[in-house]
Student: 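Here you go, one structure.
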Amino acid sequence: MLSVNPCHLRDLEFRLWTVGSLNAKVFQVESLGVTVRLFTTVAGLRCYLDLHRPGQHLSGESVVYEASPIGPVPEVGLVPTMGALHAGHLSLIQRARRENKIVVVSIFVNPLQFGPNEDFQRYPRSLPQDLALCEQAGVDVVFAPSPEEMGVRRQGAEGRDWGRGTGEQEPEARSQELGVGSREITQNSNLKPQNSELIHPATLLPLPPTQVVPPEPMISVLCGRTRLNHFQGVATIVTKLLNLVHPDRAYFGQKDAQQLAIIQQIVEDLNIPVEIVPCTTVREKSGLAMSSRNQYLSAEEREQAAVLYRGLKQAEQAFRAGERSRGALIGAVKAELETVPAIAPEYVDLVHPTTLAPLETVEDSGLLAIAARLGTTRLIDNILLCNRKPIVAIDGPAGAGKSTVARKVAEALNLLYLDTGAMYRALTWLVLQSGVAINDEPGVAELVSQCQIEVWGEARGERREQLSTSQIFVNGQDVTQKIRSFEVTSHVSAIAAQPAVRRELVKQQRRYGKNGGIVIEGRDIGTHVFPDAEVKIYLTASVQERARRRQQDLKNQGKSEVSLDELEQSIYERDRKDSTRALAPLRKAADAVEIQSDNLTIEEVVNRIVQLYQERSKL
């Protein structure tokens with residue numbers, strides 16, 4: 001349950017102040033020694049972000065990040081919201097905080113995504129409370145623009161401003177909500193409303209804003225059947241935010257699965273350089289998906305609304321029992337919904353999670369989605385049905401034995417060991433063969449983006465005894481032995497450090513994870529490459545234990561002995577670099593099972609992971 005100390009909130013409101021001219025104000029929220037910047041203008045937001053990017057300076061001095069959880073490169077994470085923040089929003093913010101140097105939360109009730117008979121007027125607006133929650137979550141910047149600042153407030157045919165009178169406050173009311181004195185938005189009285197008649201944002205305008213129109217098949221299904229123009233409005237504002245903030249990552253909840261799929265498609269189609277990060281739906285104890293609109297529900301309605309999730313779980317149970325047909329899965333949901341007469345279903349549908357195309361049968365995966373009304377409140381929910389073997393993602397620091405353990409787990413479970421190191425070696429071999437200079441990053445990016453790497457757990461036409469023994473092919477050529485050459489070994493680190501190489505390999509690794517049944521290890525497999533992995537392991541050991549193991553390895557190889565103190569210092573420094581590197585930093589997934597292996601044998605570690613895999617496979 002979220003709570004904000006009332007005294008803290010009052011203090012927060014009193015500590016809002018303005019800087020700059022009346023026409024372009026910047027707000028700050030300061031508490032507990034932490035400053036959260038609140039911008040209401042594009043100019044202020046852009047200036048702040050420009051000053052905090054590489055090569056920029058503040059007041060003639062280099063920018064210093066005292067509390068960096070990652071490192072010196074200021075990666076930016078964006079969490080777009082419409083405010084009225086709840087635990088679901090905070091889960092997105094918390095993930096963004098873990099993964100980025102700068103976290104920007106936008107708060108904007110978007111008029112473009114509301115239809116004529118929807119709740120734009122009464123949609124909850126609580127900026128002071130939202131700011132308090134953002135402050136507590138460690139947000140750096142809150143961007144809370146007006147509709148006209150976002151370019152969606154236009155004058156109607158009769159001179160009326162449809163941004164007002166539809167739930168968007170007058171300038172004076174908005175200033176009072178922010179805790180500051182009133183201000184005049186414009187000196188042009190012709191832009192003020194000529195009468196008090198309410199004009200809805202869907203009213204046709206002579207100069208409508210430029211809009212982003214997603215693919216028709218994606219916006220004509222599910223919610224798009226009844227919420228006409230809704231997803232055009234969402235796509236337009238999200239695209240504007242991505243262009244304004246230029247984030248490295250943007251975070252969206254899986255609850256709005258149709259929105260998520262559309263935004264992912266837009267980013268791909270328009271080549272927007274951002275990673276869209278899907279985040280798991282956060283639920284109340286009853287199973288009801290967290291939503292700002294849950295505020296509309298009475299206590300009795302909240303209990304009734306939990307039937308949506310119960311219906312989805314009934315279908316999931318049937319799916320796990322082997323049911324794959326559309327009719328049976330949808331029928332399972334509807335049967336449960338009928339137990340609560342107050343629920344009025346709008347739709348229950350089964351679609352492809354990425355394309356949103358209707359499915360008759362679930363082959364690899366399917367999105368089972370529902371929309372229903374309870375009283376005057378519209379609720380949505382969904383569940384992802386995956387017909388794949390579990391993925392085992394093993395992360396951890398260097399020297400913890402990840403590679404050895406991953407191979408043995410794959411062998412024990414008869415799964416494919418996806419050797420990421422071999423994949424990087426394969427790309428390095430390709431670059432060396434092509435004649436492209438190792439330090440020619442654009443040339444390497446061009447080459448790598450057009451190559452195809454295959455990892456075979458079985459020989460072509462002849463099955464191997466163990467899938468953990470892999471063959472590596474590049475563009476159809478077997479390079480399994482060639483990638484172990486001294487030349488490749490000498491250059492693989494330089495190639496692996498290039499962002500374009502990293503991005504391409506992640507794409508190809510995810511392709512192998514489509515059907516599951518793989519074991520993969522690294523630094524950020526469970527947090528970045530396969531955040532939806534069914535089995536996440538963080539394998540670690542103390543610095544002292546890893547130093548001891550390394551010393552023993554050197555002895556076994558007949559190499560000169562290195563003192564434990566030297567090895568411990570080396571491992572400590574490697575851990576620091578791996579945790580703070582800009583590209584693929586070492587991170588432990590929030591839902592990973594940590595295995596501390598100081599007092600465990602390799603076999604004991606492997607057995608624990610195998611047992612966990614078998615337990616997850618039964619779920």
Side-chain angles (χ1 to χ4, degrees), residues 68-71 73-79 91-103 242 247-254 260 263-264 267-268 272-280 353-354 384 386 388 390-398 400 402-403 406 418-421 423-424 427 445 448-449 453 455 495-514 516 518-540 575 577-594:
S68 172
I70 294 176
V73 177
E75 292 183 307
V76 177
L78 170 66
V79 183
S91 70
L92 273 63
I93 293 171
Q94 288 161 359
R95 180 163 179 184
R97 179 71 282 164
R98 290 194 302 268
E99 297 180 357
N100 301 277
K101 179 57 208 154
I102 298 173
V103 175
L242 295 177
D248 295 273
R249 304 175 186 88
Y251 298 80
F252 295 86
Q254 180 64 36
L260 173 62
I263 290 170
Q264 288 173 321
V267 164
E268 181 178 347
I272 302 175
V274 62
E275 177 190 352
I276 301 300
V277 181
C279 298
T280 304
T354 303
L384 193 62
C386 293
R388 74 177 191 189
I391 292 174
V392 180
I394 303 177
D395 292 309
K402 301 189 301 291
S403 179
L418 194 59
D419 190 341
T420 56
M423 296 178 79
Y424 278 108
L427 290 180
V448 167
S449 66
I453 298 178
V455 179
I495 292 295
Q498 298 182 22
V501 172
R502 159 75 172 170
R503 286 192 294 270
E504 183 58 34
L505 267 206
V506 168
K507 287 182 184 178
Q508 301 211 22
Q509 289 162 6
R510 286 173 176 167
R511 177 167 55 83
Y512 278 95
K514 181 179 180 181
I518 63 172
V519 181
I520 180 172
E521 50 86 14
R523 287 189 300 265
D524 64 343
I525 303 299
T527 56
H528 176 69
V529 183
F530 291 113
D532 60 342
E534 289 79 4
V535 180
K536 296 182 187 179
I537 303 296
Y538 190 80
L539 182 60
T540 188
D575 287 351
K577 289 182 178 179
D578 283 349
S579 298
T580 59
R581 64 173 67 229
L583 188 65
L586 171 64
R587 295 174 185 154
K588 176 187 174 182
D591 54 347
V593 175
E594 180 170 329

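Positions are given from 1 along the sequence.
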Student: Return the minimal non-hydrogen interatomic distance between Asp575 and Pro397, and the atom names on each side.
Tutor: OD1-CB, 3.6 Å
Student: Any side-chain heavy atom of Leu242 sitting closer than 4.5 Å to one from Val267?
Tutor: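 Counting from C-beta outward, Leu242 and Val267 do come under 4.5 Å.
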Student: Under the criterion side-chain contact (heavy atoms from CB on, under 4.5 Å), I'd like the reasoning laid out for Gln254 against Leu260: C-alpha separation, chi angles, the key distance, then a yes or no.
Tutor: CA-CA 7 Å; Gln254 180 64 36; Leu260 173 62; 3.3 Å; yes
Student: Please identify which of these residues, Arg249, Lys101, Arg97, meets the salt bridge (Lys or Arg N to Asp or Glu O under 4.0 Å) condition with Glu75.
Tutor: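 Exactly one option meets the salt bridge (Lys or Arg N to Asp or Glu O under 4.0 Å) with Glu75, and it is Arg249.
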Student: About how many Å separate CD1 of Ile272 and CD1 of Ile263, when rounded to the nearest 0.5 Å?
Tutor: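 Going from CD1 on Ile263 over to CD1 on Ile272, the span is 10.0 Å.
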Student: Which residues pass the side chain to side chain donor-acceptor pair (under 3.5 Å) test with Gln264, sequence neighbours left out?
Tutor: none
Student: For Thr280, check side-chain contact (heavy atoms from CB on, under 4.5 Å) against everything at least two apart and list the hits.
Tutor: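 For Thr280, no residue satisfies side-chain contact (heavy atoms from CB on, under 4.5 Å) once neighbours in sequence are set aside.
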Student: So, for Gly513 and Arg388, which heavy atoms are closest and what is the spacing to 0.1 Å?
Tutor: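 The answer is O-NH1, 3.5 Å.
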Student: Quick check: closest heavy atoms across Pro247 and Val274, and the distance to 0.1 Å?
Tutor: O-CG2, 3.5 Å
Student: Is there a donor-acceptor contact under 3.5 Å from the side chain of Asp395 to the main chain of Gly526?
Tutor: yes
Student: Go through the structure and list residues passing side chain to side chain donor-acceptor pair (under 3.5 Å) with Asp248, not counting sequence neighbours.
Tutor: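 Asp248: no side chain to side chain donor-acceptor pair (under 3.5 Å) contacts found.
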Student: Would you please name every residue forming a side-chain contact (heavy atoms from CB on, under 4.5 Å) with Gln509, sequence neighbours left out?
Tutor: Leu418, Thr420, Met423, Leu505, Val506, Ile520, Val529
Student: If you round to the nearest 0.5 Å, how far is CD of Gln498 from CG of Leu427?
Tutor: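 Answer for the CG-CD pair, Leu427 versus Gln498, is 10.5 Å.
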Student: From the options Arg95, Glu275, Glu99, select the one residue that forms a side-chain hydrogen bond (donor to acceptor under 3.5 Å, both in side chains) with Tyr251.
Tutor: Glu99
Student: What are the two closest non-hydrogen atoms of Cys279 and Leu92, and how far apart are they?
Tutor: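 Heavy atoms only, the tightest pair is CB-CD1, 3.8 Å.
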Student: Could you report the tightest heavy-atom contact between Ala398 and Asp578, atom names first, then the distance?
Tutor: CB-OD2, 4.3 Å
Student: Is any side-chain heavy atom of Ile394 closer than 4.5 Å to a side-chain heavy atom of Val519?
Tutor: yes
Student: In chain order, what residues pass the side-chain contact (heavy atoms from CB on, under 4.5 Å) check against Ala496, with sequence neighbours excluded?
Tutor: Tyr424
Student: side-chain contact (heavy atoms from CB on, under 4.5 Å) between Val448 and Ile495: does it pass, once the steps are laid out?
Tutor: CA-CA 10 Å; Val448 167; Ile495 292 295; 5.9 Å; no
Student: Would you say that Asn100 contacts Val76 through its side chain, given a criterion of any heavy-atom pair below 4.5 Å between the two side chains?
Tutor: no
Student: Could you walk me through whether Val535 and Phe530 pass the side-chain contact (heavy atoms from CB on, under 4.5 Å) test, one step at a time?
Tutor: CA-CA 10 Å; Val535 180; Phe530 291 113; over 6 Å; no
Student: Give the intermediate values and the outcome of side-chain contact (heavy atoms from CB on, under 4.5 Å) for residues Lys588 and Glu594.
Tutor: CA-CA 9 Å; Lys588 176 187 174 182; Glu594 180 170 329; 2.8 Å; yes
Student: I'd like to check the side chain to side chain donor-acceptor pair (under 3.5 Å) partners of Lys402; sequence neighbours left out, ordered by chain and number.
Tutor: none
Student: Can you list every salt bridge (charged side-chain N to carboxylate O under 4.0 Å, His left out) pair that touches residues 497-510, not counting sequence neighbours?
Tutor: Arg502-Asp524
Student: Distance check, rounded to the nearest 0.5 Å: Ile102 atom CD1 versus Leu78 atom CG?
Tutor: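 Going from the CD1 atom of Ile102 to the CG atom of Leu78 covers 12.5 Å.
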Student: Mind checking what makes side chain to side chain donor-acceptor pair (under 3.5 Å) contact with Asp419, not counting sequence neighbours?
Tutor: Arg407
Student: Could I get the full list of side-chain contact (heavy atoms from CB on, under 4.5 Å) partners for Ala445, not counting sequence neighbours?
Tutor: Ala500
